[in-house]
Amino acid sequence: MQYVSTRATAESSARNPNHFSDILLGGLAPDGGLFLPAEYPRVTGAELDAWRTLPYAGLAYEILRKFATDIPDADLKALTAKTYTADVYRNARAGDNPADITPLRELERDGDKVLVLQSLSNGPTLAFKDMAMQLLGNLFEYALAKNDDELNIFGATSGDTGSAAEYAMRGKRGIRVFMLSPHKKMSAFQTAQMFSLHDPNIFNIAVEGVFDDCQDMVKAVSNDLSFKARHKIGTVNSINWARVVAQVVYYFRGYLAATTSNDQKVSFTVPSGNFGNICAGHIARMMGLPIDQLIVATNENDVLDEFFRTGRYRVRKSAETFHTTSPSMDISKASNFERFVYDLVGRDPERVRALFRKVDTEGGFDLSGAPGSDGDEFAKVAGYGFASGKSTHADRIATIRNVFEKSGLTIDTHTADGVKVAREHVRAGVPMIVLETALAAKFNETIVEALGRNADRPSGFEDIESLPQKYVVMKPNVDEMKTFIAAHTGL
Ligand SMILES: Cc1ncc(COP(=O)(O)O)c(C=O)c1O
Ligand SMILES: N[C@@H](CCOP(=O)(O)O)C(=O)O
């Protein structure tokens, strides 16, 4: 399997490494684009039939081997078997089977309209990020051990990627984690989860800004190729292709668990911010998974909803990005959107370069086809199954309440955004799977507001907010960030 950059030039393609293991440890392509397979592997009906009875680890192996063709099959099988166990994904709800890894349960039914919840948040940090990050930790360790090498992970988080990465990389030989987060903008639980880690290889940096400021710095450091090489910088954000491909697996799992025959279709609603999760759904669909709709659900930070309604992509500045009660989706510049746009414009890297140059210079682009716009590809969006919707704080509170009243389940604030939007798009006869992207315990403040009581807490997290915290506060300044990293890598 060969990989290409969304911004490839003839010159950068000649220089790009292009196998899975070559791109595993890095983030952005050297030309500033994002890696994607040169073409998506197709899945046959016979394969889907055979996969229906596989456990999650077996399914992950079958899907990943189509992309990681340069990792020996036996090694990949061992890595997926070690990752996807009931012991790692041990926080399943009472009544769900932890061995399912991503259990499904019916949430509500109105005639032939059915909403199903797929739990992705049963891993060590109670968010869907663990689904890919646990595998990434094992893949990194495997790749580094081969060359006796080391890796300095530089990442950005709005609350969940950070803790998932730190829990996955704790104690891993040769790996340090430098994690940027927006100062005082995560929930108390998320903050405590990260900042209470005192491991010598974990560095938490609270940035005076929003998530997009953090992500911009990760990209700026990644684009300084000599700094990146000298300090062995890698990334765990979804700009890293391995993160996205590991997320493709649970779309297959959701489909197979919700259907009995390949003639049936399902739809997915995905609480979205950086567009990594739903991008994995897009890839699953491109591989031939019978997905009807892919619904993008945003919170008040509605850049993506605006695009999927109008064809206009208009990023917001930091000061225009709202701090909401689904804080992990407080994102106004969605990294992975570029991967979708690459497909939408016919995989033309020159177009992608021009469009994202316009994002940098003018704050966005317009594919609506209106006079003066940058193209008319918006007309093709529905053909990819995409539609969208938006949810606000009031919607979130009402949804948490009425889901609890109807089903007895307590859902988190991001999942509530998903359920609210899913109800607007569900079609008769096509199960709508809502991805549960975090557990309610992470956002207790809002659960108390909605339900008048605390969210249940999985064991091990009882007093997490009272633990001593270790972090530094910094301004969003790339040079200062580089100095900080250099001082701690000793390279
Ligand atoms: C709980 C939760 N829900 C949804 C999202 C949005 O996912 P994505 O950024 O992949 O669109 C995030 C952050 O990524 C998250 O942490
Ligand atoms: N919501 C995320 C933001 C980063 O997303 P990623 O998928 O690109 O790592 C978070 O919780 O950190």
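Both counts, for ligands and for their atoms, begin at 1 and track the order of listing.
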Does the ring centre of [Y] sit less than 6.0 Å away from the ring centre of [X]?
X: Tyr471; Y: Phe195; answer: yes
X: Phe20; Y: Phe67; answer: no
X: His414; Y: Phe443; answer: yes
X: Phe337; Y: Phe275; answer: yes

To the nearest 0.1 Å, how far is [atom] from its closest protein heavy atom, and which atom is that?
atom: atom 4 (C) of ligand 1; result: Pro271 O, 3.4 Å
atom: atom 2 (C) of ligand 2; result: Ser158 OG, 3.2 Å
atom: atom 8 (P) of ligand 1; result: Asn274 N, 3.5 Å
atom: atom 7 (O) of ligand 1; result: Phe128 CZ, 3.6 Å
atom: atom 16 (O) of ligand 1; result: Asp160 OD2, 2.5 Å
atom: atom 11 (O) of ligand 2; result: Asp160 N, 2.7 Å
atom: atom 14 (O) of ligand 1; result: Lys129 NZ, 2.5 Å
atom: atom 5 (O) of ligand 2; result: Lys129 NZ, 3.4 Å
atom: atom 10 (O) of ligand 1; result: Asn277 N, 2.8 Å

**Study point:** 4.5 Å side-chain heavy-atom contact, Lys470 and Ile202
**Key:** no
Does [X] use its side chain to pair, donor to acceptor, with the backbone of [Y] at less than 3.5 Å?
X: Asn444; Y: Ala455; result: yes
X: Glu306; Y: Leu304; result: no
X: Arg314; Y: Gly364; result: no

Between atom NZ of Lys333 and atom NZ of Lys219, what is the distance when rounded to the nearest 0.5 Å?
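Nearest 0.5 Å value for the NZ-NZ distance: 7.5 Å.
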Here the atoms of ligand 2 under 4.0 Å from any heavy atom belonging to Phe211 are 3 (C), 4 (C)
Distance-only N or O hit between ligand 1 and [X], under 3.5 Å:
X: Gly276; answer: yes
X: Asp412; answer: no
X: Phe275; answer: yes
X: Gly273; answer: yes
X: Ser272; answer: no

Is [X] salt-bridged to [Y], going by a charged N under 4.0 Å from an acidic O?
X: Arg396; Y: Asp417; result: yes
X: Lys406; Y: Glu108; result: yes
X: Asp412; Y: Lys442; result: no

**Item:** Options Thr157, Asn274, Thr125, ranked by nearest heavy atom to atom 12 (O) of ligand 2, top entry
**Value:**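 Shortest heavy-atom distance from atom 12 (O) of ligand 2: Thr157.
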Out of Cys279, Ser238, Ser181, the nearest non-hydrogen contact to atom 8 (O) of ligand 2 is supplied by Ser238
Going by the 4.0 angstrom heavy-atom rule, the piece of Thr437 near ligand 1 is both
Checking contacts here: is it the side chain or the backbone of Met329 that comes within 4.0 Å of ligand 1, counting heavy atoms only? Could be both or neither.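 It is the side chain that gets close, since no backbone atom is under 4.0 Å.
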| message | Less than 4.0 Å is my threshold; does some heavy atom of Gly159 fall inside it relative to ligand 2? | response | yes
Note to self: Heavy-atom contact check, 4.0 Å cutoff: does Arg243 meet ligand 2?
What the structure shows: yes
>> Taking distance alone, with N or O pairs closer than 3.5 Å, would you say Asn336 contacts ligand 2?
In response: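 No, no N or O pair falls under 3.5 Å.
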*Only one of Tyr250, Tyr84, Phe252 clears ring-ring contact (aromatic ring centres under 6.0 Å, His included) with Tyr56; which?*
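One option only clears the test, and that one is Tyr84.
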With heavy-atom distances below 4.0 Å as the criterion, list the atoms of ligand 1 near Ala438.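 Close to Ala438: 1 (C).
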For residues Asn201 and Arg176, is any side-chain donor paired with an opposing acceptor at under 3.5 Å?
no
